[in-house]
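Below: one structure, written as structure tokens.
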Amino acid sequence: MIVDNSPNQKSLNFLEEIIQSDLSAGKYKSILTRFPPEPNGYLHIGHAKSICLNFGLGLHFGGKTNLRFDDTNPVTEDTEYVESIKEDIRWLGFQWANEFYASDYFEQIFQFAIKLIENGLAYVDDSTSEEIAMQKGTPTQSGSRNKYSERTVEENLKLFNDMRAGKFKDGEKVLRAKIDMSSSNMLMRDPILYRIKHAHHHRTGNDWCIYPMYDFAHGQSDSLENITHSICTLEFIQHRELYDWCINKLAIFPSQQFEFARLNISYTVMSKRKLLELVNENYVNGWDDPRMPTISGLRRRGYTPVSIRDFCEKIGVAKRENLIDVGLLEFCVREHLNKIAERRMVVFDPIKVVITNYEVATQNEESLFLTTENNPEDPHAGSRKISFGKEIFIERNDFMENPPKKYFRLAPGQMVRLKSAFIIKCDEVIKNEHGEITELRCTYFPESKSGSDVSGLQVKGTIHWVNANENIAIEVREYDRLFKVENPAKEEGDFKTYINIDSLKTVKGFAEKSLNEVSSNERFQFLRKGFYCLDKDSSKDKLIFNRTVTLKDGWAKDAKKN
RNA sequence: UGACCCAUGGUGUAAUGGUAGCACUACAGAUUUUGAUUCUGUCUGUUAAGGUUCGAAUCCUUAUGGGUCAACCA
């Protein structure tokens, strides 16, 4: 068989195959998907997978995608979350065809319940939740019905209306479907359809005091919107039987549910509950802490929508459990940022270098500035001026007094190129009384100027630098993985015991002056260091940058091995 | 010890009865005024045992391993 890997013949994932065959079989003229978040928390990268999937499928097959908030539990939901979710989806680059809420359908869903009651398929149960749990049986033992299940249609109708009318307290009664107490699927053992909650709902206010359960709202909402393919995660597989049962008994548009494996990423957690815990217990500074796997955290960290979409594309979609190496996410953001980020020079841990033969007095204003390209990957990015001088800073680890073989940077008697400037040679090492290096005396080669090098000198290494007297001090926040173990959720005990307490380091940096005029959505590569962006905590007097991701460092890796 | 879902290199994901491919990672080399990028190459895989077939990652059986289900959460 010939394998064709050209983009237009790319193999389809299992969902695309289903849709493809549904479409070619004429089952639907066009498809409609939906992204159904519950507004009770912020979206994370796992949701991004679902968003890319649902919206991507819509786009790919010329269909549409709705945004529907699954807001059937008023006690945990809030408009703050609604707004953040909408912002995140837009930021990722997707547009929904319609903005809907499950709460829009409360009246309709209530009528569905009435219909089930009338058909003898639902009853009002006065049992406590403990009693219901007891009667439910176990996976190996079937459950049993109680006396309430024998209520007449009239009685059930009256009671259910009384529930709606607010005649009962929370927990006093529930509406249950009458299905099969001995089903091997626990969800089919007379599942609860409605419960009483005298709570304020973020949209319907105090109109309702009974709210439908997920299983009695989701499928109906899909159906009412004519969703063709309702895509959810694996843990809902067992729910599909109930999903189909409701649609079938109600004889409404047959939306169909399909399940895929949720995203897991190494060294982090991906459950709203756990993320909420990290936020509430101040292990991180809010939902948008750059260490969080939330969309807002990644955004603040400097990730781009392109890189996240690309990541979601690369991880694929299937039905098996998976744990994606966080390195893949980092690869995706490096790949994008490398193309778009302008380069700047910042020295983090400086040593002063005095260029002994550089005569400032004889230089004119012009020659104090050198030109350097903004982005070698993008010719259109142009160039900028950088200030040179007799005293400069270089990175402390770009000098070694006793260098190993193949050390290409500065060392006594050795030469190195200063990026976009000159080749220098180290003549002398100055130390203080503790033996610490305080200064390097170097000579430079005027003919070796970048772009017009006629010195004939050959050097292996090029290092970054800043003018020691012309720079700005910045703060940089360096992030590491939030957890010390690959899969915190799988470890023994409380996942929080595996938190990496060193996941945030704040360091100082000396930056070239051009960094003074930056906007918050610009991304930069600090040469030979990594990718950075301005943090929202910045002020005019104090620039704070987030490190999005480091550059790959082959030298550091080799050094580690030896 | 019931039901359901799943099993392809280190990690993901293709191959839909006919050459096990792609990406990331790792390793080696070339290029490089970022030890980055880019480029080239290499290593590593069908959970096991039976069966069907000219031919099985693919179909069947069993085993093994992993996951899910007993919330008035979604």
Side-chain angles (χ1 to χ4, degrees), chain A residues 1-3 5 10-13 17 36-38 40 70-73 75-77 125 127-129 132-134 136-143 170-176 183-187 189 192-197 211 213-215 217-218 232 234-241 259 261 266 272-273 313-325 327-332 334-335 338-339 343 345 372-373 376-377 406-409 416-421 423 448 450-451 453 459-464 525-530 550-559:
Chain A
M1 200 191 113
I2 294 160
V3 178
N5 285 315
K10 222 184 102 202
S11 62
L12 303 177
N13 66 46
E17 274 182 12
E38 184 189 11
N40 68 345
D70 224 337
D71 55 351
T72 57
N73 185 3
V75 299
T76 58
E77 294 155 7
D125 192 330
S127 307
T128 63
S129 66
I132 289 177
M134 286 292 285
K136 207 149 204 177
T138 68
T140 52
Q141 284 174 290
S142 60
D170 287 11
E172 222 175 303
K173 286 181 167 48
V174 291
L175 181 74
R176 288 228 255 171
S183 170
S184 56
N185 182 350
M186 299 295 289
L187 283 160
R189 324 246 266 223
I192 293 170
L193 268 21
Y194 265 92
R195 76 286 215 194
I196 300 169
K197 275 181 196 281
Y211 293 92
M213 297 287 290
Y214 166 85
D215 287 304
H218 200 96
C232 61
L234 252 29
E235 63 267 31
F236 289 97
I237 286 182
Q238 279 89 347
H239 293 252
R240 191 175 59 226
E241 194 178 354
E259 310 85 11
S266 59
K272 267 198 232 176
R273 201 208 86 227
E313 178 69 28
K314 281 190 161 71
I315 58 176
V317 51
K319 297 186 77 161
R320 61 189 97 109
E321 289 290 320
N322 59 79
L323 181 64
I324 308 281
D325 189 338
L328 183 62
L329 220 209
E330 293 175 345
F331 168 82
C332 291
R334 280 195 194 102
E335 189 179 45
N338 180 50
K339 289 186 197 125
R343 317 285 130 127
M345 291 203 280
T372 187
E373 74 275 15
E377 305 287 325
K406 292 204 174 173
Y407 184 77
F408 301 149
R409 286 113 92 156
V416 77
R417 172 169 294 279
L418 298 173
K419 171 69 183 172
S420 296
I423 292 173
S448 68
S450 285
D453 186 346
V459 291
K460 291 282 254 183
T462 298
I463 62 174
H464 62 281
Q525 182 193 112
F526 293 171
L527 224 61
R528 302 206 303 137
K529 287 293 180 180
T550 61
L551 254 32
K552 277 211 281 187
D553 190 345
W555 169 253
K557 209 162 59 179
D558 285 353

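These values consider heavy atoms only, across backbone and side chains, with no hydrogens, waters or symmetry-generated copies. A note on names: the letters A, B, ... follow the listed sequences, proteins ahead of strands, and every chain is numbered from 1. Bear in mind the structure is a predicted one, so any value in this text is a computation, not a measurement.
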Reckon [X] touches a base, only the sugar-phosphate, or nothing at all at heavy-atom distances under 4.0 Å?
X: A/Phe526; value: nothing
X: A/Lys419; value: base
X: A/Phe408; value: base
X: A/Ile315; value: sugar-phosphate
X: A/Leu323; value: sugar-phosphate
X: A/Asp325; value: sugar-phosphate
X: A/Gly171; value: base
X: A/Pro376; value: base
X: A/Leu328; value: sugar-phosphate
X: A/Thr128; value: base
X: A/Gly451; value: base
X: A/Ser127; value: base
X: A/Lys406; value: base
X: A/Asp170; value: nothing

Any side-chain N or O of [X] under 4.0 Å from OP1/OP2 of [N]?
X: A/Lys529; N: B/rA36; result: no
X: A/Lys197; N: B/rC73; result: yes
X: A/Arg320; N: B/rU8; result: yes
X: A/Arg273; N: B/rC73; result: no
X: A/Ser142; N: B/rG2; result: no
X: A/Lys319; N: B/rG67; result: no
X: A/Arg195; N: B/rC73; result: yes

In this structure, how many angstroms lie between the [atom2] atom of [N] and the [atom1] atom of [X], rounded?
X: A/Arg528; N: B/rU32; atom1: CZ; atom2: C1'; result: 13 Å
X: A/Arg334; N: B/rU38; atom1: CZ; atom2: C1'; result: 16 Å
X: A/Arg409; N: B/rU34; atom1: CZ; atom2: C1'; result: 11 Å
X: A/Leu187; N: B/rC69; atom1: CG; atom2: P; result: 10 Å
X: A/Asp558; N: B/rA26; atom1: CG; atom2: P; result: 11 Å
X: A/Ile192; N: B/rA70; atom1: CD1; atom2: C1'; result: 12 Å
X: A/Lys314; N: B/rU13; atom1: NZ; atom2: P; result: 15 Å
X: A/Leu234; N: B/rA74; atom1: CG; atom2: C1'; result: 16 Å

Between [N] and [M], how many Å separate the two [atom1] atoms, rounded to a whole number?
N: B/rA70; M: B/rG51; atom1: C1'; result: 38 Å
N: B/rU46; M: B/rA36; atom1: P; result: 34 Å
N: B/rG2; M: B/rC59; atom1: P; result: 25 Å
N: B/rG65; M: B/rU47; atom1: C1'; result: 7 Å
N: B/rA74; M: B/rC60; atom1: C1'; result: 39 Å
N: B/rG17; M: B/rU40; atom1: P; result: 33 Å
N: B/rG50; M: B/rG29; atom1: P; result: 44 Å
N: B/rU62; M: B/rA3; atom1: P; result: 12 Å

N/O donor-acceptor pair, side chain [X] with base [N], under 3.5 angstrom:
X: A/Gln238; N: B/rU68; result: yes
X: A/His464; N: B/rA36; result: no
X: A/Gln525; N: B/rU34; result: yes

Practice problem: Give a yes-or-no answer on whether the side chains of A/Ser127 and A/Asp125 include a donor-acceptor pair shorter than 3.5 Å. | Solution: yes
Quiz item: Does atom CD of A/Glu235 have more than 12 heavy-atom neighbours, drawn from other residues, nucleotides or ligands, at distances under 6.0 Å?
Solution: yes
Measure from the side chain of [X], starting at C-beta and using heavy atoms only, and say which of [options] lies closest.
X: A/Ile324; options: B/rG12, B/rU37, B/rA71; result: B/rG12
X: A/Tyr214; options: B/rU13, B/rA74, B/rG67; result: B/rA74
X: A/Ala133; options: B/rA74, B/rA71, B/rG35; result: B/rA71
X: A/Phe331; options: B/rC24, B/rA70, B/rU1; result: B/rC24
X: A/Asn338; options: B/rU34, B/rU37, B/rG67; result: B/rU37

Practice problem: Supply the atom-to-atom distance A/Met345 CE to A/Lys419 NZ, rounded to the nearest 0.5 angstrom. | Solution: 8.0 Å
Self-check item: Salt bridge flag under 4.0 Å for residues A/Asp453 and A/Arg417
Solution: yes
Quiz item: Across all strands, who's sitting opposite B/rG12 as a Watson-Crick or G-U wobble pair, both distances under 3.5 Å?
Solution: B/rC22
